Number of protein chains: 2
Amino acid sequence: MQENYGLLRQHFEEIVNLTDAEWEQIAPHFEYRKLKKHQFLIQTDQPVECEFWIISGLVKSYAIDQKGNEHILQFGMEQYWVSDYFAFQHQLPATIFVDCIEDSEFFCLSLESRESICQQIPAIANFYRIKSNNGFINLQQRILSLLTLSAEERYDELLNKLPKLLQRVPKKLIAAYLGVSRETLSRFKN
Amino acid sequence: MQENYGLLRQHFEEIVNLTDAEWEQIAPHFEYRKLKKHQFLIQTDQPVECEFWIISGLVKSYAIDQKGNEHILQFGMEQYWVSDYFAFQHQLPATIFVDCIEDSEFFCLSLESRESICQQIPAIANFYRIKSNNGFINLQQRILSLLTLSAEERYDELLNKLPKLLQRVPKKLIAAYLGVSRETLSRFKN
DNA sequence: CCATAAAAGTGATATACATCACAAAATCTA
DNA sequence: TAGATTTTGTGATGTATATCACTTTTATGG
């Protein structure tokens, strides 16, 4: 377990420097949790108590449309952060699902805890500032992909960007992430 | 001009509190700029020296695809921040355009300045953290719209969310934002 | 290791939306 | 305010992708 906290500290220290004293203040806010494949972190209409840092495993966050089709917002793997951020930030019931594609381990952080350590420790505010900004940039790139590329081009792009992901998740989930039907994706070469 | 700085300070103070002393440190980093309709803030392949806070006016940020079609990433109006954030953050040549739909005024902030005030003044780090997080959430919502809704449903959603925008920009730009052809959008009722 | 479920492939058909072509409004600008 | 430019509307046609139905292949858990 201590090594998991070590991993988390390393994750922060890739972006900002922390003293031991600061880390002592931060670490207790993170609660360990472990789930098996198919178990839910977040379900629609339920409160969203935490954001999650993924120690190990793989999750997906997704919405279900009127027709019952699944649309994937994000795949989360080791070292990623995931939540229903809209609901988390505004403390509203979830509008998306997050569940495990593989057995997974997490650190959970409540909104209250996050705001508290951001107020107390400027380095943490800067960490989240930089992380959020990077996340924002990634989503802008994805929107441009959705607007400018064909389904097949988006698939090729993903193959280049995250080749390992394709080994870990069924293609029908890749299709749900790219915004294309699994049948159409299955007809792409490669 | 002083009142423009006042507006900017108010904008920060909607999210965080600043002392006069802090504001004295912050304000000089912002450089005033004024452009007319059709003039460019950012052009592809050029360095991106600043991010821009819009005092007044309206801009669009967009990419041009291989076929020469324009795809709009963002409309920026009063109080919005805009840049080519990917290029800005990584100090690379721009991959998108930003130009004025109306005569506009801005405050420009360099990356160096932004990082400097975020390091010196924790409230500013928290301001950008919260702003980036909100931006991230908004883009997630837009991705879900692109994945789950039809073109007409996305149009209706935008009509609800930003009814004033429709008064200020030609419909062909709305089409370029929604990811639909202007002809198809013209056939939607309303 | 077997039984059941999940994933993937594939043909036939349907459809949302794009594209092309042209005309009519609306709006800039000299 | 006249001429040019931009924007909008609309019919005809094309196409990328969805949907449906079914089979084959691969994974999974008891």
Side-chain angles (χ1 to χ4, degrees), chain A residues 35-40 57-60 62-72 75 97 99-104 145-159 165-190, chain B residues 35-39 57-60 62-72 75 97 99-104 143 145-159 165-190:
Chain A
L35 291 179
K36 293 200 181 301
K37 190 169 172 172
H38 295 137
Q39 291 186 309
F40 285 91
L58 182 60
V59 306
K60 63 186 204 280
Y62 58 99
I64 306 285
D65 68 20
Q66 308 95 321
K67 293 179 199 152
N69 292 318
E70 178 175 323
H71 302 276
I72 294 180
F75 291 107
F97 296 92
D99 68 21
C100 299
I101 298 174
E102 304 173 355
D103 295 355
S104 306
S145 291
L146 286 167
L147 293 178
T148 64
L149 302 181
S150 69
E152 187 160 13
E153 289 169 326
R154 295 199 299 278
Y155 183 53
D156 292 341
E157 187 185 59
L158 187 65
L159 280 172
L165 185 68
L166 282 280
Q167 265 63 69
R168 287 173 79 176
V169 313
K171 283 193 188 158
K172 67 167 196 168
L173 296 186
I174 300 294
Y177 177 83
L178 292 173
V180 69
S181 72
R182 58 158 207 86
E183 294 95 331
T184 295
L185 185 131
S186 157
R187 283 179 246 262
F188 297 157
K189 56 194 168 303
N190 221 310
Chain B
L35 289 178
K36 292 198 183 304
K37 190 169 170 169
H38 295 136
Q39 292 186 310
L58 184 60
V59 306
K60 62 185 204 280
Y62 58 100
I64 306 284
D65 68 19
Q66 307 94 320
K67 293 180 198 151
N69 292 318
E70 179 175 322
H71 302 275
I72 294 180
F75 290 108
F97 295 91
D99 68 21
C100 299
I101 298 174
E102 303 173 355
D103 295 353
S104 305
I143 285 170
S145 290
L146 286 166
L147 292 178
T148 64
L149 302 181
S150 69
E152 187 159 14
E153 288 169 327
R154 295 200 297 278
Y155 182 54
D156 292 340
E157 186 184 59
L158 188 64
L159 280 171
L165 185 68
L166 284 277
Q167 265 62 69
R168 286 173 79 176
V169 313
K171 284 193 187 156
K172 67 168 197 168
L173 295 186
I174 301 294
Y177 176 84
L178 292 173
V180 70
S181 72
R182 59 158 206 87
E183 293 95 329
T184 295
L185 183 131
S186 157
R187 281 179 247 262
F188 297 157
K189 57 197 169 299
N190 223 312

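In the text below, chain A, chain B and the rest are named by the order of the sequence lines, each starting its count at 1. Only heavy atoms go into these numbers, but all of them, side chains included; no hydrogens, no water, no symmetry mates. These figures come from a predicted structure and were not determined experimentally.
- OP1 or OP2 of dT17(D) has not a single side-chain nitrogen or oxygen of Thr184(A) nearer than 4.0 Å.
- Taking every heavy atom of both residues into account, Ile174(A) and Leu165(A) meet most closely at CD1-CD2, 4.2 Å.
- Remark: C1' of dA16(C) and NZ of Lys189(B) are 14 Å apart, rounded to the nearest angstrom.
- In this model, no side-chain donor or acceptor of Arg154(A) finds a partner on the base of dT17(D) within 3.5 Å.
- Glu152(B) comes within contact range of no nucleotide atom at all, as no heavy-atom separation falls under 4.0 Å.
- For Asp103(A) and dT28(D), the CG to P distance is 11 Å, given to the nearest whole Å.
- Side-chain N or O atoms of His71(A) include one that pairs as donor or acceptor with a backbone N or O of Leu147(B) at under 3.5 Å.
- The distance from atom NZ of Lys60(A) to atom C1' of dA7(C) is 13 Å, rounded to the nearest whole Å.
- Side chain of Arg182(A) to main chain of Ala175(A): no donor-acceptor pair is present (N/O by atom type, distance under 3.5 Å, no hydrogens or angles).
- Of the residues His38(B), Lys37(B), Lys60(B), the one that meets the side chain to side chain donor-acceptor pair (under 3.5 Å) test with Asp99(B) is Lys60(B).
- In this structure, the CG atom of Leu185(B) is 12 Å from the C1' atom of dG9(D), given to the nearest Å.
- Nearest to the side-chain atoms of Asn69(B) among the listed nucleotides dT19(C), dT17(D), dT8(D) stands dT19(C).
- Rounded to whole angstrom, the span from the CZ atom of Arg182(B) across to the P atom of dT7(D) amounts to 10 Å.
- A donor-acceptor pair under 3.5 Å links the side-chain atoms of Ser104(B) to the main chain of Leu58(B), judged by distance alone.
- Counting only heavy atoms from C-beta on, Arg187(B) has its side chain closest to dT10(D) among dT17(D), dT10(D), dC17(C).
- Nucleotide dT19(D) holds its C1' atom 14 Å from the CG atom of Asp65(A), rounded to whole Å.
- Phe188(B) places its CZ atom 12 Å from the C1' atom of dA18(C), with the value rounded to the nearest Å.
- Whole-Å rounding puts the Ile101(B) CD1 to dT7(D) C1' distance at 14 Å.
- With dA18(D), dA7(C), dT10(C) as the choices, the nucleotide that has an atom nearest any side-chain atom of Glu183(A) turns out to be dT10(C).
- Out of dT8(D), dA7(C), dT19(D), the shortest distance to the side chain of Lys67(A) is found at dT19(D).
- Distance from the side chain of Lys37(B) is smallest for dC28(C) among the nucleotides dT19(C), dC28(C), dT19(D).
- Nearest-nucleotide assignment on DNA chain C puts the 5′-proximal partner with Lys171(A), out of Lys171(A) and Ala151(B).
- Ranking dT17(D), dT8(D), dG9(C) by closeness to the Val180(A) side chain, first place goes to dT17(D).
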